[in-house]
Amino acid sequence: LGAYDHQDLPFEKLVEELQPERDLSRHPLFQVFFNMHNIPTTHAVLPELTVESLPAPDVEARFDLTLYARERGEQVWLELVYNADLFDQTRMAEMLEQLGCLLGQIVENPQRTIGSYSLVTPQARALLPDPEAPVAEPRHEPVTNAFLSWANRAPQQPAVRQVEQAWSYGELAAGARTLARHLLANGIEPGDVVALHGARSFGLIAGMMAVLLSRGVFLTVDRNLPVERQRLMIEEAGAKHVLFIGERRPEEDGWVQELPSLAITSIASDTGRVIEPQAITVPEAIDLPELSPDDPAYIFFTSGTTGTPKGILGRHKGLSHFIDWQRETFAVGPEDRVAQLTSLSFD
């Protein structure tokens, strides 16, 4: 109605006032045009002449879509003109079917709100899946199971290499099991957060696997981050334990010992073995817990560019799904090598 009230406004004036971003590939104001022809048809009567109205020839589409509606007696005829570079005839025919289905619903139940009607035609409904039907969640083997299974099958195969030193899958699995039992002996409960702080090394990889094997949640803390950021991550995540990997730097890392009720274990970066505290004896008889797909696995923090960094919790089923997808998508096999280039603060 507002457009009818201002229909005499020149198009050039409208563009001048609105100043839309111009793009030569499309109309500056709209892409879809609806044109309702409901002006009564007049028949010219001329002496000694027979006058006949002929249909206008097909015209090229001036817009992406133009829908013409013409009243003919008790009917409304619809004609859709479209840009063939954007749409095909099959899609446009289906769109007209959808419009007809929509109009039929409106006529039958005119009191309903427009958003309550459906654009799904009876023909399409027979082809589409039932949106109410439950979808089975795919099952993916936990990463820990896949890792230990491979370590049992190929214990001598190299798993991690740093400069000239290499760890086999068997060595990595043994180190991870020992560290996991150490965490369990120190009271780690399912879902407890364990922070890993220190250098990228064998000890870091073994520590990450150990936390997963103990049914804990690992939080990697990049020592290159500001101390305030490291402290915030550990406190916000509610870490109960810190695995300190590599050489301790009192002037840089002393703040870790200031955190209350935080157990600290030092791990050798080159062997992954516990070097402090040495007084605790870890029995080999400690059984590793069974994992559930819904168990939390790790926490990573956002960059904090919009304010305070926020912790993102990842679960085992999400981690397993990602690993399976990545391995299949990129065809990762036993002969491939993957470089650890990202920082410890990156997911």
Side-chain angles (χ1 to χ4, degrees), residues 138-186 188 190 192 194 196 198-220 241 243 245-246 265 267-275 281-298 314-342 344 347:
R139 301 282 294 185
H140 296 273
E141 184 180 31
V143 171
T144 50
N145 290 6
F147 166 69
L148 293 178
S149 175
W150 185 254
N152 290 334
R153 294 200 305 271
Q156 301 303 320
Q157 181 176 335
V160 185
R161 177 175 287 117
Q162 188 172 28
V163 194
E164 299 299 326
Q165 188 180 1
W167 259 19
S168 68
Y169 273 90
E171 291 171 322
L172 180 57
R177 284 193 181 99
T178 300
L179 284 177
R181 293 189 176 98
H182 173 85
L183 291 172
L184 293 170
N186 279 270
I188 288 295
D192 284 350
V194 180
L196 293 110
R200 287 186 290 185
S201 60
F202 298 122
L204 174 69
I205 304 300
M208 293 170 66
M209 293 303 303
V211 177
L212 294 179
L213 288 171
S214 67
R215 209 177 170 191
V217 181
F218 73 76
L219 166 69
T220 52
H241 205 112
L243 295 181
I245 299 138
T265 297
I267 298 174
S269 59
D270 57 342
T271 64
R273 296 176 180 174
V274 176
I275 56 178
T281 301
V282 179
E284 290 287 331
I286 294 181
D287 293 328
L288 300 180
E290 289 289 333
L291 290 172
S292 168
D294 288 311
D295 284 342
Y298 62 92
R315 300 189 180 277
H316 273 276
K317 61 182 179 181
L319 181 61
S320 301
H321 175 267
F322 173 73
I323 293 297
D324 286 348
W325 169 85
Q326 189 180 55
R327 183 167 48 195
E328 179 178 349
T329 302
F330 300 107
V332 180
E335 301 304 320
D336 291 314
R337 303 291 177 265
V338 179
Q340 178 61 42
L341 300 176
T342 58
L344 296 185
D347 185 354

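Numbers here simply count residues along the sequence, with the first being 1. Note that the structure is a prediction, hence the values are computed from the model and not measured.
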From [X] [atom1] over to [Y] [atom2], what is the distance, rounded to the nearest 0.5 angstrom?
| X | Y | atom1 | atom2 | value |
| --- | --- | --- | --- | --- |
| H241 | T265 | NE2 | OG1 | 3.0 Å |
| L212 | Y298 | CG | OH | 10.5 Å |
| H140 | W325 | NE2 | CH2 | 12.5 Å |
| E290 | T144 | CD | OG1 | 9.0 Å |
| L243 | L204 | CG | CG | 9.5 Å |

Any [X] side-chain heavy atom under 4.5 Å of [Y] side chain:
| X | Y | answer |
| --- | --- | --- |
| L213 | L148 | yes |
| P293 | R315 | no |
| S320 | E141 | no |
| R177 | L288 | yes |
| D270 | Q165 | yes |
| F202 | T271 | no |
| P158 | R161 | yes |
| L196 | L219 | no |

Ion pair check, D294 and K317, cut-off under 4.0 Å:
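A salt bridge links D294 with K317.
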Between [X] (side chain only) and [Y] (backbone N and O only), is there a donor and an acceptor less than 3.5 Å apart?
| X | Y | value |
| --- | --- | --- |
| S168 | P155 | yes |
| Q326 | H321 | no |
| S214 | L184 | no |
| N186 | H182 | yes |
| D336 | G333 | yes |
| D192 | I188 | no |
| R153 | A151 | no |
| T178 | A176 | no |
| R181 | I286 | yes |

L172 and V160: CA distance, side-chain angles, deciding distance, side chain to side chain contact (heavy atoms under 4.5 Å, CB included) verdict
CA-CA 8 Å; L172 180 57; V160 185; 4.0 Å; yes
Would you say CZ of R273 has more than 12 non-hydrogen atoms from neighbouring residues, nucleotides or ligands within 6.0 angstrom?
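Atom CZ in R273 is not packed in, count stays at 12 or less.
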Please determine, by modelled atom types, if S292 and H316 share a side-chain donor-acceptor pair under 3.5 angstrom.
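Distance-only check fails for S292 and H316.
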Could you tell me which non-hydrogen atom of L291 sits nearest to which non-hydrogen atom of P142, and how far apart they are?
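Where L291 meets P142 most closely, the heavy atoms are CD1-CB, 4.5 Å.
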Could you report the tightest heavy-atom contact between L179 and A210, atom names first, then the distance?
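Reported closest heavy-atom pair: CB-CB, 3.4 Å.
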One pair to check against side chain to side chain contact (heavy atoms under 4.5 Å, CB included): Q157 and W150. What are the steps and the verdict?
CA-CA 9 Å; Q157 181 176 335; W150 185 254; 3.2 Å; yes
